Asker: 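Sending over a structure as structure tokens; questions will come in a sec.
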There are 2 protein chains.
Amino acid sequence: VPYIIVVGSEKGGTGKSTTAIHIAVALMKLGFRVGTIDLDARQGTLSAFVRNRASYAEQSGRRLELSKHRAIERSKASERAAAEADEAGRLQDAFDDLADCHFIVVDTPGSDSYLCRLGHNRADTLITPLNDSFLDIGVLAQINRERREVEAPSVYSQLVWEQNNQRVVAGRPPIDWVILRNRLAHIEARNMREISALLDLLAKRIGFRTAPGISERVVFREHFMKGLTALDLPEQVAGQGPSQARGPAESSSHAAARREIQDLLAAIGLFASEP
Amino acid sequence: VPYIIVVGSEKGGTGKSTTAIHIAVALMKLGFRVGTIDLDARQGTLSAFVRNRASYAEQSGRRLELSKHRAIERSKASERAAAEADEAGRLQDAFDDLADCHFIVVDTPGSDSYLCRLGHNRADTLITPLNDSFLDIGVLAQINRERREVEAPSVYSQLVWEQNNQRVVAGRPPIDWVILRNRLAHIEARNMREISALLDLLAKRIGFRTAPGISERVVFREHFMKGLTALDLPEQVAGQGPSQARGPAESSSHAAARREIQDLLAAIGLFASEP
Ligand SMILES: Nc1ncnc2c1ncn2[C@@H]1O[C@H](COP(=O)(O)OP(=O)(O)OP(=O)(O)O)[C@@H](O)[C@H]1O
Ligand SMILES: Nc1ncnc2c1ncn2[C@@H]1O[C@H](COP(=O)(O)OP(=O)(O)OP(=O)(O)O)[C@@H](O)[C@H]1O
Ligand SMILES: [Mg+2]
Ligand SMILES: [Mg+2]
């Protein structure tokens, strides 16, 4: 039975698709069979990455691991009950198609929808990326302005609790909810400390744990059009001869990027098993 | 008649709320009466900022300019036509309430909705923030993988065109669509050049112009809980005595942040008129 990793948050642009892409590629590099599901088919960042990767592999002749991919569009039915039945059916079909995978990585949109809630319900591990910003904290809870206490859980936290309760009532394991600080600055001190202290306070109240963070690095986005990640890069990026090879400084950021993704996999507890 | 500035994009987390906040405060500092409308009331970042600002002004005794604010919830009616009539009515009420303002700044969610489309229809100027990333370019157009040509406009570009057409057919001025590069890195070179070249290509095809960019600066987010921006900061931030005052290095980032916001207002062409 595949282990399902969902990347979700109602806050936009925190790095959901970027995280889903890097986890999927990292698991494939370890030799696992990986399925990917895009529940944000309108924007389709994950689907575009998978397409770019397949097309680049074909064009360049490079042997690249490819995930088995399914994108689920929102239903066009205007009557709510019919739309929900349509979405539930198509999502179930996708999980059935991917039943032979070791892992399934699911990307979700930065907004609330029935399809998105269904996706959260299937999460063995839920990863919620967060920027180091008070604007992002609001997706977890409303904080008292003096920042000393949680006034109320957010609508998103309530959504996760609700899906978790449904799993537990049905005798399934609870969601392992992991908050991932993303796009960490390399130098900022005070703001990071304040956010870190707030997250510690929230972790107990809201019921999540935190993973080691991921820094702001251009390598996490610059090879998107070729469907490549830092995990693919030790080899020469096609189109660059030895003379255009990166300076040592760049490869140290690549190495650090690879380590951050590996630390994330370890924090989720996925390193234990080999395929 | 108020001049309406809408900040929109279907791509999440590009800095829509951050941009709306800074434009609103900058216009208030110039002495204009400013209304703010939050069409993303579920997440409510702009509404939280306005609340935080009012509460901090009260608590600290500081005289801070405050906008006249309205948040518009999505309709709960399950039948589509009824929901749309409800949303259109409440949005019109909000514009009527703010009719005595010089400017109205509208923040929108990072997803498609009827309310969001209505908001775009009212835009005299539409500002679309964008991160310097190939993941963000997809919100404007699907690009041929070799990055040399536009394969198709995105669903969001088509949405803007559609709203623009409706305005023109009704004899109203077209939308002035401005793309704002946001969270610019301070050092990255190659990635920025590639994005910049792509945007130049897209500007003609899709029909927008670009404004000078805004850099990644912690000052754009660190005082959110007090409802303050870099534009408010030259005075001592309450709670910090002279001995804890910022080092000179921090104030140079504040000064640069203020300049970037002023450059943005100038690029929109708002500097011409005083209240
Ligand atoms: N660690 C990182 N370093 C550098 N850039 C990053 C990093 N993580 C994400 N980004 C960039 O931040 C932006 C947002 O990331 P992404 O699109 O993955 O977020 P998302 O949560 O999937 O957004 P949406 O809500 O639109 O689905 C993109 O431009 C992406 O390239
Ligand atoms: N120029 C900047 N410098 C530093 N941080 C920034 C800047 N602009 C935005 N941010 C941060 O980036 C994140 C996204 O910004 P913001 O929430 O304003 O985007 P948004 O487009 O409104 O997101 P959503 O799609 O969720 O509505 C926030 O954490 C914010 O603090
Ligand atoms: Mg995404
Ligand atoms: Mg926002």
Side-chain angles (χ1 to χ4, degrees), chain A residues 9-18 21 40 42-45 48-49 51-52 55-56 59 78-81 109-113 131-139 142-147 154-156 183 185 187-188 190-192 194-195 216 218-227, chain B residues 9-18 21 40 42-45 48-49 51-52 55-56 59 78-81 109-113 131-139 142-147 154-156 183 185 187-188 190-192 194-195 216 218-227:
Chain A
S9 173
E10 275 193 37
K11 179 76 189 80
T14 53
K16 294 179 290 293
S17 302
T18 301
I21 284 167
D40 186 10
R42 182 177 169 90
Q43 191 179 102
T45 304
F49 175 83
R51 244 185 350 258
N52 292 347
S55 125
Y56 177 66
Q59 209 171 336
S78 72
E79 203 263 313
R80 194 185 288 253
S111 59
D112 175 46
S113 69
N131 282 207
D132 249 23
S133 168
F134 295 116
L135 282 78
D136 283 48
I137 294 281
V139 79
Q142 205 176 316
I143 312 281
N144 171 294
R145 220 182 53 66
E146 292 310 300
R147 284 189 240 151
S154 65
V155 283
Y156 180 67
R183 300 189 76 173
I187 39 158
E188 246 169 75
R190 195 184 49 238
N191 190 59
M192 285 169 89
E194 286 189 312
I195 299 285
E216 169 83 22
V218 71
V219 71
F220 283 121
R221 54 187 144 130
E222 66 180 337
H223 300 295
F224 177 78
M225 299 298 272
K226 292 191 169 116
Chain B
S9 173
E10 276 193 38
K11 179 77 189 78
T14 52
K16 293 180 291 294
S17 302
T18 300
I21 284 167
D40 186 11
R42 183 176 168 87
Q43 191 180 100
T45 305
F49 175 83
R51 248 189 341 263
N52 291 348
S55 128
Y56 177 66
Q59 211 168 344
S78 70
E79 203 266 311
R80 195 187 287 257
S111 58
D112 175 43
S113 69
N131 281 209
D132 249 22
S133 167
F134 295 115
L135 282 78
D136 283 49
I137 293 282
V139 79
Q142 201 175 320
I143 314 281
N144 172 293
R145 220 184 53 68
E146 294 307 303
R147 286 189 237 153
S154 66
V155 283
Y156 181 67
R183 300 189 75 173
I187 35 154
E188 238 170 79
R190 196 184 49 239
N191 191 61
M192 286 170 88
E194 286 189 309
I195 299 285
E216 168 84 19
V218 73
V219 73
F220 283 120
R221 52 189 144 124
E222 66 182 333
H223 301 296
F224 177 78
M225 299 298 276
K226 292 191 169 116

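Given the structure is predicted, the values throughout are model-derived calculations rather than measurements. Every heavy atom of this structure was used, including side-chain atoms; hydrogens, water molecules and symmetry mates were not.
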Asker: Measure across Asn144(B) and Met225(A) and return the closest heavy-atom pair with its distance rounded to 0.1 Å.
Answerer: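 What the structure gives for the nearest pair is O-CE, 4.3 Å.
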Asker: Between Ser111(A) and chain B, with a heavy-atom cut-off of 4.5 Å, which part of the residue counts as in contact: side chain, backbone, both or neither?
Answerer: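 Contact with chain B is through the side chain of Ser111(A) alone.
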Asker: If I measure from the heavy atoms of chain B, does Gln59(A) come under 4.5 Å with its side chain, its backbone, both, or neither?
Answerer: side chain
Asker: Among Asp136(B), Val155(B), Val139(B), which residue has the highest count of heavy-atom pairs closer than 4.5 Å to chain A?
Answerer: Val155(B)
Asker: Please state whether the side chain, the backbone, both or neither of Ser78(B) comes within less than 4.5 Å of a heavy atom of chain A.
Answerer: both
Asker: Rounded to the nearest 0.5 Å, what separates atom CD in Glu216(A) from atom CZ in Arg183(B)?
Answerer: 6.5 Å
Asker: Test of understanding: with side chain to side chain contact (heavy atoms under 4.5 Å, CB included), list the residues that count as partners of Gln43(A), not counting sequence neighbours.
Answerer: Asp40(A), Thr45(A), Lys11(B)
Asker: Within a strict 4.5 Å, meaning less than it, do heavy atoms of the Glu194(B) and Glu222(A) side chains meet?
Answerer: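 Counting from C-beta outward, Glu194(B) and Glu222(A) never come under 4.5 Å.
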Asker: Heavy atoms only, distances under 4.5 angstrom: which of Asn52(A), Thr18(A), Thr14(A) has the most pairs with chain B? Name it, please.
Answerer: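 Looking at each option in turn, the highest pair count goes to Asn52(A).
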Asker: Starting from the C-alpha separation in whole Å, work towards a yes-or-no answer on side chain to side chain contact (heavy atoms under 4.5 Å, CB included) for Arg42(A) and Glu10(B).
Answerer: CA-CA 10 Å; Arg42(A) 182 177 169 90; Glu10(B) 276 193 38; 2.7 Å; yes
Asker: Could you check whether any side-chain N or O of Arg221(A) sits under 3.5 Å from a backbone N or O of Asp132(B), counting only pairs where one atom can act as donor and the other as acceptor?
Answerer: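 Confirmed, Arg221(A) side chain pairs with Asp132(B) backbone.
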Asker: Distance from Leu135(B) atom CG to Ile21(A) atom CD1, nearest 0.5 Å?
Answerer: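 Reported to 0.5 Å precision, the distance equals 5.5 Å.
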Asker: Taking only residues two or more places apart in sequence or in another chain, which ones pass ring pair (Phe, Tyr, Trp, His ring centres under 6.0 Å) with Phe224(A)?
Answerer: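 None.
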Asker: Identify which part of Arg80(A) has an atom lying under 4.5 Å from any heavy atom of chain B, answering side chain, backbone, both or neither.
Answerer: side chain
